[in-house]
Amino acid sequence: MDTRSRFATHVVENQPPPLLPCDLYATDAPLREALAREGGAWAEAEIAAYGKLAGGSLGECSQLANANRPQLHTHDRYGHRIDEVEFHPAYHELMRTAIAHGVPNFGWRHADRPGAQVARAALTYLHYQADPGSSCPLTMTAACVPALRHAPDLAASWLPRILATHYDGRHVPAWDKPGNTIGMGMTEKQGGSDVRANTTRAIAVGDGLYELIGHKFFFSAPMSDAFLVTAQTDAGPTCFLMPRFAPDGSRNGMRLQRLKDKLGDWSNASSEVEFTGALAWRVGEEGRGIATILEMVGMTRLDCLLGSAALIRHALVQALHHCKYRRAFGKRLVEQPLMRVVLADLALESEAATALALRVARAVDASARDAHEAAFARVATAIGKFWVCNRAVGVAAEAQECLGGPGYIEDSGMPKWYRQAPVNAIWEGSGNVQCLDVLRALRREPESAHALRAELALARGAHPALDAAVDALDAPLAAADGDGLQARARWLVERMALCLQAGLLFRAGYSTLAAAFCVARLQGHAGLAYGTLPVDAPVATLLARAWPQ
Ligand SMILES: Cc1cc2nc3c(=O)[nH]c(=O)nc-3n(C[C@H](O)[C@H](O)[C@H](O)COP(=O)(O)OP(=O)(O)OC[C@H]3O[C@@H](n4cnc5c(N)ncnc54)[C@H](O)[C@@H]3O)c2cc1C
């Protein structure tokens, strides 16, 4: 026996092949069908091309960008302040590729075509599966547009660069670059949800400029070219566009104090910052800053919903792939009855999450043309963000468990999704804030309540459990008296989300899946854990649709 065979202890077997590279669009029937249903199919060529990239080279970039986290350099070797964050080249590649393929800009570049924001939503959904961290600056760049339009002169000079398909990560003024990215600063130490508690002051200094003095406790993507920020004027909270370089080309008064040591979201930098007289232009009227910046937040909330639907999908695919190859007790895991029902339950959750996310994207897309859709978007974005972002956390944990021990090990990729999962529920308004926002919309905007009821009525008669659940919403909605309902808001919004999801699944023609969803999620015939679907659940159908590989 030669030395090599004497020391060969074992053959590696019973392990799955790598999942990636794979085509994330071609393999995702629920996404393809939702795209067509919601009016974005005309952009399929661009989206299909991005599906290949997201499941290929961009996944490799994400690994590098997460393993080599951004580093803050506050000073140069001589002691000058520089306030620069250094990213791994793979991060820049992620940004460059996403921007070149329209992830942040497609919806606006094709705004004259109905469905453009649905197409952007699909691109965003795919990019999130490649790298969730860089989705943050991409989203903020996409979302700033409606708010920035409150300052037409600024919009005229900045939007061509914001909507360009060029990424330029150099540390030079925005106006010296072919393309710009945008960040957002609202949260301060004394108040995040309660943004009216902002203490940062803005003092007019002439020429339409203001000096900002104060701080922001969370300030993501601090290497963006400019930021929409809120600060107090005598008239109250006001929105500003604050460039990273002052108009004279010098470094603006923006001191990065430190980078947050985050649970996840590692490829993205999030900082604490002090404004030491940073120059900024006003966007919208003094005192109307919250309303102005909320137009940006409406879109970032949609992207939280899309991101969490994408995360649910990707976690499911990872679990399914593993279970199709791994054998235990004489069978592949995907053949074991109990594992099948766990995977099918995750697939059902994913179907519902994707359907709702793309439906809300269509409502946002149509908002400018259709008042009814705008009213629906107002309430459905908050409903969807609360519910799907909340569900993503449990799905990430359950999918990780499907891989057994390797799911807990970094190189499986699953810990990245597990760490990422909670953040969409927290930022852009945490769960309770979304639920309170739903109540506020229903109370103050009768057209939103009407749009929600009209949407729910579209599936009337499809299933007795759905009819009963929708009827049960009537009394609390009619009594939407604000404070009295607050303690019940999570329950109400959860039921609204489930009814919307069930209705969408029926209307999409998935009657078997939709009926299973009603029985499990609305009628209470499933337990609280995943994998507790009733015995007659359409497990085979769900699994075959979810991952045809
Ligand atoms: C990684 C990361 C990056 C971020 N990046 C940015 C950024 O770039 N720009 C930015 O502006 N912000 C950013 N944020 C901040 C984020 O938006 C806030 O943390 C979030 O909005 C919550 O605000 P808060 O942390 O002050 O919590 P609080 O407002 O103190 O809320 C704490 C909890 O109380 C709940 N709550 C609040 N009010 C009520 C109420 N009336 N009734 C019941 N419950 C309530 C909330 O839902 C939450 O669960 C980031 C956060 C994270 C984690």
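First listed ligand is number 1; within each ligand, the first listed atom is number 1.
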*asked:* Would Arg419 and Trp266 count as a cation-pi pair here, with the cationic atom under 6.0 angstrom from the ring centre and within 45° of the axis?
replied: yes
*Would you find a donor on one side and an acceptor on the other, under 3.5 Å apart, between the side chain of Lys216 and the backbone of Glu188?*
no
*asked:* I'd like to check whether Met186 has a polar contact with ligand 1, where a contact means an N/O of the residue lying under 3.5 Å from an N/O of the ligand.
replied: yes
*asked:* Can you see whether Glu93 engages Thr97 through a side-chain donor-acceptor pair at a distance of less than 3.5 angstrom?
replied: yes
_N/O separation below 3.5 Å, Asp265 to ligand 1_ = no
_In the structure I gave you, are the side-chain heavy atoms of Leu473 and Leu456 within less than 4.5 Å of one another anywhere?_
yes
*How are the rings of Tyr128 and Trp417 set relative to one another: parallel (under 30°), tilted (30 to 60°) or perpendicular (over 60°)?*
tilted
*For atom 12 (N) of ligand 1, is the nearest protein heavy atom under 4.0 Å away?*
yes
*What residue and heavy atom of the protein are closest to atom 47 (O) of ligand 1, and at what distance?*
Ser430 CB, 3.2 Å
*Would you mind telling me if ligand 1 is within reach of the side chain of Lys262, the backbone, both or neither, using heavy atoms under 4.0 Å?*
side chain
*What protein heavy atom sits nearest atom 18 (C) of ligand 1, and how far away is it?*
Thr187 OG1, 3.9 Å
*asked:* Measuring from atom 36 (N) of ligand 1, which candidate in Val423, Ile293, Val433 has the nearest non-hydrogen atom?
replied: Val433
_Top protein contact for atom 51 (C) of ligand 1, by heavy-atom distance_ = Phe218 CD2, 3.3 Å
*According to the salt bridge (Lys or Arg N to Asp or Glu O under 4.0 Å) rule, which pairs have a member within residues 278-294, sequence neighbours left out?*
none
*Where on Phe217 is there a heavy atom closer than 4.0 Å to ligand 1, on the side chain, on the backbone, on both, or on neither?*
neither
_Residue pairs passing the salt bridge (Lys or Arg N to Asp or Glu O under 4.0 Å) test where at least one lies in residues 116-143, sequence neighbours excluded_ = Arg120-Asp303
*Would a search of protein heavy atoms around atom 32 (C) of ligand 1 find one under 4.0 Å away?*
no
*For atom 9 (N) of ligand 1, what's the nearest protein heavy atom and its distance?*
Met184 O, 2.9 Å
*Considering distance alone, does some N or O of Gly185 sit under 3.5 Å from an N or O of ligand 1?*
no
*asked:* Just to be sure I'm reading this right: ignoring hydrogens, which of Ser220, Gly192, Cys136 gets closest to atom 26 (O) of ligand 1? Compare them by their nearest heavy atoms.
replied: Gly192
*Is atom 41 (N) of ligand 1 less than 4.0 angstrom from some protein heavy atom?*
yes
_Distance from atom 35 (C) of ligand 1 to nearest protein heavy atom, with residue and atom_ = Asn432 ND2, 4.2 Å
_Within-cut-off N or O pair, Ser193 and ligand 1, under 3.5 Å_ = yes
*Non-hydrogen protein atom less than 4.0 angstrom from atom 23 (O) of ligand 1*: yes
*asked:* My understanding is that we take every heavy atom of each candidate and find the minimum distance to atom 20 (C) of ligand 1. Doing that for Val195, Asn198, Ile426, Asn424, which one comes out nearest?
replied: Ile426
